[in-house]
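Given the structure is predicted, the values throughout are model-derived calculations rather than measurements. All values below come from the heavy atoms of this structure, side chains included, with hydrogens, waters and symmetry mates left out.
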Amino acid sequence: MTNGFTAHPHADPQDADPPAPARAALPELLAPAGDMEKLDAALRYGANAVYLGGRGPNLRAGAQGFSPDELPQAVQRAHAVDARVYYCLNSLPHQRHLREVEAAMDEAHAAGVDALIVADPGVARMARRRVPRLPLHVSTQANTANAEAALFWQDMGATRVNMARELDLNGIRDLVSACPGVEFEAFVHGAMCLAVSGHCLLSAWMNNRPANLGQCTHPCRFEYLGMALAVEEKTRPGEIAWEAVQDGPFHSSFWAPNDLCLVKYVRWFAAVGVTALKIEGRVKSAGYVAQVTDAYRTALDDLTRRTFRHEEYLYELLNTASRPLSTGFFLPGGKRLNRGLPHDAMRRPVVARIEQPAGDSAWHVSVRAPWRAAKPLELLLPGLHRPELQPGDFRLENHKGETVDRLHPGMTGVLHCAHDGLAPGLFVRA
């Protein structure tokens, strides 16, 4: 798959301005699907493809995943809207895990997935023997940062490689240019790991939960109380090489990296020939998947209309963020653009998912956050359309059919409002 752009070897991320492409020429938008509801959210809000795992070995064991019965259903739902399904077998298994890997591989093949995502050469070799016609995609966990590594994976039968997140734009451009026969994929949004391409031992050391087997407990997100420590390197006496000092009485998550956000540069990725843009987040909520997918889908489509609205996409993405957003390693020379989180009072959390019609201008809803009828209600319609209903323009009922002024998380209820854009699987926020 190619994205249809003429590659611009010296395209600059700030001013790259290729001709407006047709929809079919855009990079694939690849979204996470941690369970069936998240799959539906990704598809409803415009993903071209989803990546998911089963109940076996993959790098998001914390995600619910898909059972053997659910996986064929997930593939059918995606294929019904011309979306593709990539199955994650991207853990780094030990010898004792190989039978489980074989079983998962056979299960994925039988379900009709469109590709396997792998990181371990042994798993790739196994796939070529067991399911030789199933395309292989290489995970970012493989830390592919040069052409020889990409071509190694191509020799192993891979058709696509997710590039190491440690690459800057020059490294990405050079890698794509050097391997015209390989599809390249880049993470553009979501959590970043403290370690190189996710090869972290903190979780295994602290909690006996190896990250490379998909069991990461995210110790880098834990809150720590920094105590005074100064380190001097042997050959530099008197010079403090690194220092940590307690800053107040509170614990803080000072190890935690910011989240990646490259929505500003989707035009650049298209211009240099990157095949797919990937969103991280299989353990995030369905509401998160919906909002982030919608922002990137709209940004890509706006390229064809020449109506690119960076600040609008960024507002949407900041609303979903739990950590500050950053350009990570993308900009050369160690430069980073960071955006802090908005004040809690400015956030509009997802309060409910639309389930099924409940009569004329009425919808059954599942409630995800405290919802007060006295606050304006925003409908999350695909294409970044956000019509707002004022109090009095809608009414809430509880499961007993009683009109109420608030609903609580975990409850079901009924939303009464007259708006043609509502449909099952959409979300609302307040």
Side-chain angles (χ1 to χ4, degrees), residues 1-5 7-8 11 13 16 18 20-33 38 41-43 45-52 78 82-86 88 114-115 117 137-140 144 150 159-169 171-173 175-176 182-192 259-282 284 288-304 308-310 313-314 316-317 320 325-331 382-384:
M1 181 191 298
T2 59
N3 66 18
F5 273 90
H8 296 266
R23 170 71 178 260
L26 296 172
E28 174 187 87
L29 181 60
L30 176 54
K38 297 170 192 177
L43 299 176
Y45 285 91
N48 302 116
V50 296
Y51 62 102
L52 49 76
D82 296 322
R84 294 166 289 280
V85 176
Y86 307 144
C88 296
D114 297 286
I117 299 176
H137 293 180
V138 179
S139 169
T140 191
T144 304
T159 58
R160 180 185 293 186
V161 173
N162 189 302
M163 294 172 283
R165 276 185 254 196
E166 294 79 31
L167 289 176
D168 67 9
L169 66 93
I172 293 171
R173 182 174 54 214
L175 189 49
V176 172
V182 179
E183 294 182 358
F184 286 100
E185 181 179 283
F187 269 105
V188 293
H189 197 89
M192 293 189 287
D259 279 4
L260 183 66
C261 178
L262 297 178
V263 70
K264 182 177 181 179
Y265 306 108
V266 294
R267 183 196 306 275
W268 183 89
F269 283 105
V272 299
V274 172
T275 299
L277 306 182
K278 190 171 186 178
I279 297 166
E280 185 274 338
R282 274 194 289 154
K284 295 282 193 177
Y288 174 93
V289 172
Q291 293 172 94
V292 175
T293 301
D294 195 26
Y296 278 87
R297 172 78 275 149
T298 305
L300 286 167
D301 290 346
D302 282 351
L303 291 181
T304 69
F308 200 73
R309 301 168 281 161
H310 169 242
Y313 318 136
L314 191 58
E316 191 75 12
L317 296 169
T320 70
L325 300 181
S326 169
T327 52
F329 295 99
F330 179 71
L331 298 178
L384 224 57

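With sequence neighbours excluded, no residue forms a side chain to side chain donor-acceptor pair (under 3.5 Å) with Tyr288. Not a single salt bridge (Lys or Arg N to Asp or Glu O under 4.0 Å) links Asp114 to another residue, sequence neighbours left out. For Ala49, the side-chain contact (heavy atoms from CB on, under 4.5 Å) criterion is met by Glu28, Leu30, Arg84, Tyr86, not counting sequence neighbours. Looking at residues two or more places apart in sequence or on another chain, you find a ring pair (Phe, Tyr, Trp, His ring centres under 6.0 Å) between Tyr296 and His189. Annotation: side-chain contact (heavy atoms from CB on, under 4.5 Å) contacts of Leu314 (sequence neighbours excluded): Cys261, His310, Glu311, Leu318, Leu325, Arg339. With sequence neighbours excluded, the residues forming a side-chain contact (heavy atoms from CB on, under 4.5 Å) with Ala41 are Ala286, Val289, Ala290, Phe427, listed by chain and number. Not counting sequence neighbours, Thr320 has no partner by the side chain to side chain donor-acceptor pair (under 3.5 Å) test. In this structure Ala83 satisfies the side-chain contact (heavy atoms from CB on, under 4.5 Å) test together with Leu43, Ala78, Val81, sequence neighbours excluded. Partners of Phe329 by ring pair (Phe, Tyr, Trp, His ring centres under 6.0 Å), not counting sequence neighbours: none found.
If you take CZ on Phe187 and OG1 on Thr140, they are separated by 6.0 Å, rounding to the nearest 0.5 Å. We find the SG-CG distance between Cys88 and Leu52 to be 6.5 Å, quoted to the nearest 0.5 Å. Considering CG of Asp302 and CG of Leu26, their distance stands at 10.5 Å, rounded to 0.5 Å. The distance from the CZ atom of Phe308 to the OG1 atom of Thr298 is 10.5 Å, given to the nearest 0.5 Å. Rounding to the nearest 0.5 angstrom, the gap separating the CE atom in Met163 from the CD atom in Glu166 is 12.0 Å. Annotation: the span from Leu384 atom CG to Glu316 atom CD amounts to 5.0 Å, rounded to 0.5 Å.
Leu169 has its side chain out of reach of Tyr265: every pair of non-hydrogen atoms, C-beta onward, lies at least 4.5 Å apart. Annotation: side chain of Val266 is not in contact with side chain of Tyr313 (no heavy-atom distance under 4.5 Å). Side-chain contact between Leu317 and Val292 is present, with heavy atoms from C-beta onward closer than 4.5 Å. Contact check for Val188 versus Lys278: no side-chain heavy atoms found under the 4.5 Å cut-off. Between Arg297 and Asn48, the closest side-chain pair of non-hydrogen atoms falls below 4.5 Å. Using a 4.5 Å heavy-atom threshold, the side chains of Leu277 and Pro27 count as touching. Residues Thr293 and Ile279 are in side-chain contact: their nearest non-hydrogen atoms beyond the backbone lie under 4.5 Å apart.
Residues Pro32 and Ala42 approach most closely at O-CB, 4.1 Å, considering heavy atoms. In terms of heavy-atom proximity, Asp301 sits nearest to Thr304 at O-OG1, 2.6 Å. When all heavy atoms of Ala299 and Val263 are compared, the closest pair comes out as CB-CG2, 3.9 Å. Ala276 and Arg160 make their closest contact through CB-NH1, 3.5 Å (heavy atoms, listed as atom of the first residue, atom of the second, distance). Contact record, Gly273 with Val176: O-CG1, 4.0 Å, taken as the closest heavy-atom pair.
Under the side chain to side chain contact (heavy atoms under 4.5 Å, CB included) test applied with Ser139, the options Asn162, Ile117, Thr144 reduce to a single match, Ile117. If you run side chain to side chain contact (heavy atoms under 4.5 Å, CB included) between Phe184 and each of Ile172, Leu175, Val272, only Leu175 comes through.
Judged purely by atom type and a 3.5 angstrom limit, Asp294 uses its side chain to pair as donor or acceptor with the backbone of Gly383.
Using cut-offs of 30° and 60° on the angle between ring planes, the pair Phe330 and Trp268 is perpendicular.
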